[in-house]
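Here the structure is laid out as structure tokens; the discussion comes afterwards.
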Amino acid sequence: MTARLVRPNFITEIIDRDLGGELSGVVRTRFPPEPNGYPHIGHAKSICLNFGLALDYRGECNLRFDDTNPETESQEYVEAFLRDLDWLGFAPSRVRFASDYFDQMYLCAAELIRQGAAYVDSVGEEEMRRLRGTVTVLGSPSPFRDRSVAENLALFADMAAGRFGDGEHVLRAKIDLGSPNFKLRDPVLYRIVHATHYRTGDRWCIYPMYDFAHPLEDLIEGVTHSLCTLEFENNRAVYDWLVERLRGRCGLPERRPRQYEFARLSMDYTVMSKRKLLRLVQEGEVQGWDDPRMPTLSGLRRRGVRPEAVRSFADRVGVDRANSRVELSLLDAVIRDDLNAEAPRVMAVLRPVKLVLSNLPASSEVPVQAPYWPRDVPRQGSRTLPLGRELWIEADDFSEDPPKGFRRLRLGGRVRLRYAYVIEAERAVKDASGRVLEIHARVLPETLGSDPADGVRPQGVIHWVPVREALPAEFRLYDRLFAVPDPDAADDPATALNPSSRAVAQGYIEPSVQGDAPDQRYQFERLGYFWPDPEDSRPDRRIYNRIVPLKDSYRPGPGRI
RNA sequence: UGGGGCAUCGUCUAAUGGCAGGACAACGCUCUUUGGAAGCGUGAAUCGUGGUUCGAAUCCACGUGCCCCAGCCA
């Protein structure tokens with residue numbers, strides 16, 4: 001028995017119990033997105049749950065598009081789900097569409113009418129709202145509630161035939177206008193929408209509502225455990241009502257599915273609703289659904305996150321019925337953990353300043369051996385780096401007025417050049433405004449692989465790139481999209497945006513990466529994990545996205561030595 | 001105000017009447033040619049009040065707080 005994909009939770013408990021009882025066959029789940037936006041990491045949680053369960057129990061999981069609203073859905077979104085599901089590493093048992101079932105659903109609606117359990121209502125939208133009542137006042141019947149079966153059948157057929165305009169009539173379930181559960185106060189089952197559906201075209205001008213469509217889809221597909229999020233809890237009563245009335249009829253199987261709800265994923269500094277994500281895209285706040293700052297799977301992918309990390313994240317977040325908000329740091333930690341043993345170490349300088357090694361001849365070029373992996377990652381390989389007289393180093397790695405705890409280069413101080421010599425800074429050349437143009441330092445001989453002979457150890461280690469062989473590169477540094485932990489609470493999420501969520505730096509990368517695969521991920525030493533932007537990077541114009549920064553325990557401050 | 005749900009370290013969770021544990025985060029130490037990784041350690045929780053019980057995070061009662069529901073969205 002291999003390890004389970006889904007860690008035990010209240011749903012696996014239910015399945016385990018079912019397996020010993022009424023449910024004798026396979027476990028069937030489904031992932032039922034509406035194709036009205038791109039999948040995000042919240043969908044990933046649901047995907048990992050539904051597909052993971054099917055794998056764990058040797059069952060099946062369909063991908064089923066809940067495409068019952070022609071006004072917001074499109075093939076572009078269908079393709080996004082297909083692509084991202086595949087990227088995540090899951091293969092659906094079948095791919096289905098609610099729109100595949102429109103004919104059968106129509107028949108089921110007619111059956112309901114014949115049962116006297118549904119009627120065509122012709123009050124306007126506003127009037128219906130009024131008649132539905134409030135938390136304190138019961139709903140009251142529409143004047144059309146008691147139409148005859150024959151009249152309802154005829155009207156419903158006319159609705160489908162396109163004899164009415166949008167909103168003139170609806171089909172409603174006849175349940176209980178006095179129910180304290182609003183969902184039971186005669187929910188709308190079908191509405192008239194004269195819109196072209198991306199799959200069925202103009203074949204239909206009536207479309208089933210979620211409450212009607214979903215239980216039928218589950219029934220048709222033989223779903224056993226229909227998992228959805230908490231906000232559908234009240235809808236379960238409608239689900240059950242319809243299942244009991246229709247199972248074993250109009251071609252539907254007898255065996256009933258059951259709905260269970262779990263808490264959707266929320267993360268701090270993030271919005272997760274497709275509506276809000278769409279707005280960010282439409283208003284140009286981000287550069288598309290795959291902007292690396294987006295919580296979409298395409299955004300995470302473009303940033304460089306691997307599917308392994310997303311799955312691991314879903315696992316660590318767990319499944320529960322309590323609303324929760326996951327910290328961004330958990331995602332970061334999981335991404336680093338995934339990349340640590342996957343990304344070879346190389347050096348890049350993001351904000352370069354020139355370092356001149358004054359006691360090296362201009363033509364000098366010392367070959368130094370640099371392993372791709374730190375000693376605690378059990379992988380082999382190294383490259384040779386040419387150390388010349390002039391190097392690029394990080395501007396941040398030199399200070400004339402270092403704060404306490406600064407373990408980098410200062411005038412008169414010593415640091416080791418990663419994989420190379422210990423150097424001692426002699427002077428800084430500055431322009432008229434006082435900006436450091438270059439730093440001159442001398443190499444301490446005999447320090448390749450050993451400490452200085454005088455016993456004065458370097459204060460730190462800094463990375464570098466040889467000026468002569470350096471490859472120029474652009475670095476895109478991404479940070480959280482929002483500046484506040486709960487952007488959903490903001491009146492206008494656009495005002496909560498983090499103004500520095502994207503920064504671009506022009507620097508250099510070591511020459512060894514020349515010829516690497518276009519999807520090669522690296523750890524730039526002391527900086528973070530990066531990879532070439534899959535859209536914009538070119539061999540002659542390198543652009544690297546920062547996937548996630550390295551954890552950094554450096555906190556300059558008064559309390560430090 | 002009616003109904004439906006949910007409450008365990010800062011965060012996500014485990015414990016299914018029997019020592020409140022883990023991960024992330026924080027802090028400290030060790031190690032370190034990455035201020036990385038790893039290792040060690042510290043601080044940190046059962047929403048409240050009663051009750052049942054030898055024993056309660058768990059069962060019961062009463063509170064409190066938060067989430068969802070009055071779309072012809074899903």
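Labels below follow one simple rule: chain letters A, B, ... track the order of the sequence lines, proteins then strands, and each chain is numbered from 1.
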Below 4.0 angstrom from OP1 or OP2 of [N], is there any side-chain N or O of [X]?
X        : N     : result
A:Thr72  : B:A74 : no
A:Lys551 : B:A25 : yes
A:Arg526 : B:G35 : yes
A:Arg132 : B:C72 : yes

Pair of N/O donor and acceptor under 3.5 Å linking B:U33 base with A:Arg416 side chain: yes

Over-ring placement of A:Arg480 relative to A:Tyr269, 6.0 Å and 45° cut-offs: yes

Pairwise P distance, B:C59 and B:G43 [rounded to whole Å]: 30 Å

Of residues 331-348 of chain A, the positions that come close to RNA chain B - non-hydrogen atoms, cut-off under 4.0 Å: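 The stretch gives A:Ala333, A:Asn340, A:Arg345 as the residues lying under 4.0 Å from the strand, ordered by number.
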
Lys/Arg-Asp/Glu bridge criterion (N-O < 4.0 Å) met for A:Arg7, A:Asp315: yes

Protein-to-nucleotide contact annotation, 5' to 3' order, nucleotides 10-18 of chain B [B base; S sugar-phosphate only; - none; under 4.0 Å, heavy atom]: BSSSS-B--

Per-nucleotide protein contact string for nucleotides 39-46 of chain B (B base, S sugar-phosphate only, - none; heavy atom under 4.0 Å): --------

Nucleotide of B:A70, B:G36, B:U33 approaching A:Ser553 most closely (side-chain heavy atoms): B:G36

Integer-rounded Å distance: B:G35 C1' and A:Gln459 CD: 13 Å

Base partner of B:C59, which must satisfy Watson-Crick or wobble distances under 3.5 Å: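 Matched B:C59 with B:G51 under the 3.5 Å cut-off.
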
